[in-house]
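Small disclaimer: the values here were computed from a predicted structure and weren't measured. Order of the sequence lines sets the chain letters (A, B, ...), proteins ahead of strands, with each chain counted from 1.
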Amino acid sequence: MPVHTVKNASDLDTRVLPSLQRILLPNLNLMSDAVHSSVKGKVVQKGPVVSCRQGDYLLKAVIQEEDLQQSSVSQQASINVFFFGTMAKDFSLSVSQGDIVLLAGFIISKSPTEQTDRLHPCHLEMSGPDACVYVCTSAVSPSRELSAVSSEPRYTYVPLNELKPRRIVNVYGVVIFFKQPFPTKGTDYCSTLKITDQSNAKVGCTIFSERLEDHPKIFTIGDIIRLHRVKAQVFNESMTLLTSLGWSAVTFDGAIGSPVEPRASSRTFHFGEADKRTVETLRQWAASQPLLTSEPTVPLSSVQPRMYFDLSCQLLAKACIDSRCMLLKVWDGTKCGYPLLDVAVATDTWEGQSTTSKDREDMTANILVYDNHVEVAKTLKPGTFLRLYNLHAVPQRDSEQPPDVPSRLSFHLHGGTSFGRGLRVLPSHSPDLQPLKRLLESHADRAVEKEVNDDTLLEVWYTPPESVGAAITEEFYTVQTCRHTLQQVSLAHVKRSTPPVVCHVRAQVRSYKPRKLYQCLKLFCPQCKSIEEVPDDGTIAQVFQEALRNSLPCSEHWAVTSSMDAPGAGRVITMHVASDMVLDNTHSQLLFLESLTLDEMCVISGMHKNIVPVQSENRRMKLLDFSAPFLFCGDKRYYGCKRCSRSTFVEPVVSGGEMWDEHDVAKALGVQLMQYTLLIQFELQDGTSTLDALLWEDAEQFFHVSSAETSANQDLQDKVQLIMDRLHPPGSITAKRPWLELCLSAYSVKDNGRNRVCYQITNTETRGNFFTAH
DNA sequence: GGTTAGGGTTTG
């Protein structure tokens, strides 16, 4: 290995590479003889191994000259060193921050970052066969042990007037300006926003992310945002914040008294009491700042010609005009004070309800959405609640119209993102949508009272946003996939039958539970047959926190141990790799990580195939409590059965070069792997009776998803939700629910010594042409 | 470790 360890620091001066000339770092320059020289210094910064574009690996470290008089310490005493390929991995595993290293076989280059990092004008590159490192591992210092056990506070937040250039920080702020994400010329979407806090400093933030759903969910000025791991930078003489590696954003409603519910895109983020207090304090402060109170959205009834305004509304229908323009038909339950322009569109180009009752006609607004906004508008489903930002009320003067007749108003969402122009979907539970929803509901009630012969309004209101279009244009049904040749029977007949028996029935879903789809996902132990809930992130984070409290780095003879700094936490994460695997590709290694938080685990697991969180007990490695996953594989998490697994293990039998899956890891660690499973209880009805039936063993077939994949994939969760909403549209009346052809298995189970009959939906799958659209 | 963009007196 090109990284060698020596026992004594003095060996670096005397025994190692005696033929080479030591150069003090301040004396090093581009003309120095790199071939016959060595440098020595303390590792003051050590970055992670990162993969670069060509499939190579890179690690950056900073080493500092130690052998200097105090007076001569200068910026030239610290130098950037880049390690490439296996050298990077070896360095990462063998060298810790604080160690003294001797480097040779380097290339000296001009440092492109001299101006920004104020370090040595040169940097060193360590690659190729001649590069080598000797390291004297420093003893674990008391301060390092202390930092490993201290866990609070988890994050520190920097006031916006105390930002220093180039520092990676966590901040809280109140949003005073924001734009919806727009595509850049690079690979990402960009959101720009401006925030402020009690210090009154105003700081622009630029968020880059390839995924639209990762961008901060800001609905209005006055929302509160928490940013983690953003980099401070000066631009145009002002401080700005820029996303950096592992950044995250969580936003909150800014109104005093509204629930402090974090809006996050990532499923894993830390949110505790301290965050709640910070949000509440910021809300109080913002309420006292007249400039910060958010401009309320303007109802249609208050719109004046030529004004720009934000509108909250429900989408009724949409139609494509051309590639650069879409028409959205919306309402907000109020009546505009001006006559509205009706845009003529062929009936068959509408999606959703284009024809409406006279009463509603007066309340619907046609909105022309241009250019870049078409992309978002295309994805909208009738029924969705929307907010349109910087909408323009344009009076359209008809040339033949007499001057005393008021012009008809049309609404335009112009192209571009200036002034925050854009549109976004609002979740229907948003606090500031509730007045709008109550208003729409009252119209729906009135329509019922009057028995208006037009149920389109009810249709839109009572059907969930996603399914309005579908309910009209798409078919939904189930088919039996078994080969039973059975006469269809009634539910009453099924209940009279003696189990075990299989029946075919035709029934509707009267209700189902759990209503929160994520609660349908369970963990099943094939060994002891127990079913457990999937722990939520709060529970898991707590297990990590517990382990953090008790842990001192463990040491195992079979593992190579190294450490890295937890960014901004003043704590060291310890990493163990089985010796046999050290040379494997970093991404496929089985890693054991100690002293880290769930957040950190989520960041790191994105880059590795298999990571096992561990803690130590008497310096021996031990798994965490089984309420937390014992294994992280990218987005996926695997759990061990509490009853059937051991939390201690001897040396895991690993051999290099293999690709490990969750079964291999579980076996090597003595863990009984829990399987993901979907479990839903339906109440079926068919006019003769009602009957509770489980959907469990054949649930994957029913939904066309894998339970394990669904656990880590929002799209699949949405798909399950979508299907449930078809089976049982929320708020729907019986007549509107589909009739399903089902295969039912009736069987007996022992329950407290008594036989009980259970029913399961088996051999049945859902069909509907929305699958192809999805 | 970091390319994109870095709000702005709008308009079909």
Side-chain angles (χ1 to χ4, degrees), chain A residues 45-54 56-62 80-84 88 111-113 116-117 123 165-166 168 175-196 202-212 214-215 218 221 229-247 305-310 321-327 341 343 366-374 388-397 407 409-422 567 603 607:
Chain A
Q45 266 182 45
K46 179 190 149 195
V49 177
V50 294
S51 51
C52 34
R53 294 229 164 91
Q54 304 76 23
D56 199 359
Y57 297 98
L58 174 70
L59 180 148
K60 183 191 158 193
V62 177
N80 285 313
V81 188
F82 295 92
F83 298 88
F84 294 90
S111 169
T113 53
T116 51
D117 60 21
H123 72 229
R166 297 182 300 280
I168 293 184
V175 175
I176 52 174
F177 174 79
F178 68 105
K179 265 186 186 187
Q180 301 302 325
F182 56 93
T184 64
K185 288 181 187 135
T187 55
D188 295 339
Y189 283 92
C190 174
S191 295
T192 55
L193 46 140
K194 191 169 264 181
I195 61 175
T196 187
K202 295 174 177 51
V203 176
C205 308
T206 307
I207 313 275
F208 289 112
S209 177
E210 236 165 18
R211 288 156 44 97
L212 269 176
D214 287 346
H215 282 259
I218 302 170
I221 285 170
R229 290 175 286 273
V230 284
K231 190 175 177 179
Q233 223 173 43
V234 175
F235 177 76
N236 273 351
E237 295 163 5
S238 310
M239 195 57 76
T240 59
L241 289 167
L242 181 69
T243 45
S244 79
L245 180 68
W247 69 275
R306 282 173 290 277
M307 81 189 281
Y308 290 89
F309 65 107
D310 294 348
I321 305 286
D322 59 51
S323 66
R324 294 180 56 197
C325 182
M326 258 188 98
L327 183 61
L341 188 79
V343 182
N366 287 304
I367 295 170
L368 291 159
V369 167
Y370 290 98
D371 301 338
N372 53 317
H373 309 302
V374 169
L388 295 132
Y389 302 92
N390 198 234
L391 197 55
H392 191 189
V394 182
Q396 303 263 335
R397 180 138 286 281
S407 333
L409 277 189
S410 64
F411 298 105
H412 297 241
L413 186 66
H414 298 297
T417 59
S418 311
F419 305 93
R421 268 200 305 262
V603 172
M607 301 181 273

For this session: Kindly say whether, by distance alone, the side chain of A:His412 makes a donor-acceptor pair under 3.5 Å with the base of B:dG12?
Result: no
Exercise. A:Tyr189 OH to B:dG6 C1': how many Å, rounded?
Worked result: 20 Å
Problem set entry | Listed nucleotide nearest any side-chain atom of A:Phe419, set B:dT9, B:dG6, B:dG7 | B:dT9
For this session: Please report, rounded to the nearest Å, how far the P atom of B:dG8 is from the CD1 atom of A:Ile176.
Result: 15 Å
Exercise. With sugar-phosphate meaning primed atoms plus P, OP1 and OP2, does A:Tyr308 contact a base, only sugar-phosphate, or nothing at under 4.0 Å between heavy atoms?
Worked result: base
For this session: Decide, applying a 5.5 Å centre-distance limit and a 30° plane-angle limit (both strict), whether A:Phe208 stacks on B:dT3.
Result: no
Exercise. Any side-chain heavy-atom pair from A:Leu391 and A:Tyr389 closer than 4.5 angstrom?
Worked result: no
Exercise. With sugar-phosphate meaning primed atoms plus P, OP1 and OP2, does A:Thr187 contact a base, only sugar-phosphate, or nothing at under 4.0 Å between heavy atoms?
Worked result: base
Exercise. What is the nucleic acid contact for A:Asn236, judged by heavy atoms within less than 4.0 Å: base, sugar-phosphate only, or nothing?
Worked result: nothing
Exercise. Starting at CG of A:Asn372 and ending at P of B:dT10, how long is that distance when rounded to a whole Å?
Worked result: 18 Å
For this session: Answer yes or no: is there a side-chain heavy-atom contact under 4.5 Å between A:Asn372 and A:Thr417?
Result: yes
Exercise. Can you tell me if the side-chain N/O atoms of A:Lys179 get under 4.0 Å from OP1 or OP2 in B:dG8?
Worked result: yes
Problem set entry | Set of salt bridge (charged side-chain N to carboxylate O under 4.0 Å, His left out) partners for A:Arg324, sequence neighbours left out | A:Asp371
Seminar exercise, completed: Sorted by chain and number, sequence neighbours left out, side-chain hydrogen bond (donor to acceptor under 3.5 Å, both in side chains) with A:Ser191 holds for A:His215
Exercise. Regarding A:Gln396 and A:Ser410, is there a side-chain donor-to-acceptor distance under 3.5 Å anywhere?
Worked result: yes
Exercise. Which part of the nucleic acid does A:Ser244 contact within heavy-atom distance under 4.0 Å: base, sugar-phosphate only, or nothing?
Worked result: base
For this session: With the side chain of A:Lys194 defined as its heavy atoms from C-beta on, choose the nearest nucleotide among B:dG12, B:dG8, B:dT4.
Result: B:dG8
Exercise. A:Phe182 CZ to B:dT3 P: how many Å, rounded?
Worked result: 16 Å
Exercise. What integer distance in Å separates A:Tyr389:OH from B:dG7:P?
Worked result: 20 Å
For this session: Check whether the aromatic ring of A:Tyr370 stacks on the base of B:dG12, taking stacking as ring centres less than 5.5 Å apart and planes within 30° of each other.
Result: yes
Problem set entry | Heavy-atom side-chain proximity of A:Cys325 to A:Leu368 below 4.5 angstrom | yes
Exercise. Hey, which of these two, A:Leu242 or A:Gly246, hits DNA chain B nearer its 5' end, going by closest nucleotide?
Worked result: A:Gly246
For this session: Round to the nearest Å and state the distance from A:Leu193 atom CG to B:dG7 atom P.
Result: 11 Å
For this session: Would you indicate what A:Arg306 reaches in the nucleic acid, counting non-hydrogen atoms under 4.0 angstrom: base, sugar-phosphate, or nothing?
Result: nothing
Problem set entry | Presence of A:Thr206 side-chain N/O under 4.0 Å of B:dG6 phosphate oxygens OP1/OP2 | no
Exercise. Rounded to whole angstroms, how far apart are CZ on A:Arg421 and C1' on B:dT9?
Worked result: 12 Å
For this session: Would you mind reading off the distance between A:Ile221 atom CD1 and B:dG8 atom C1', rounded to a whole angstrom?
Result: 13 Å
Exercise. A:Gly415 near the nucleic acid: base, sugar-phosphate alone, or nothing, with a heavy-atom cut-off under 4.0 Å?
Worked result: base
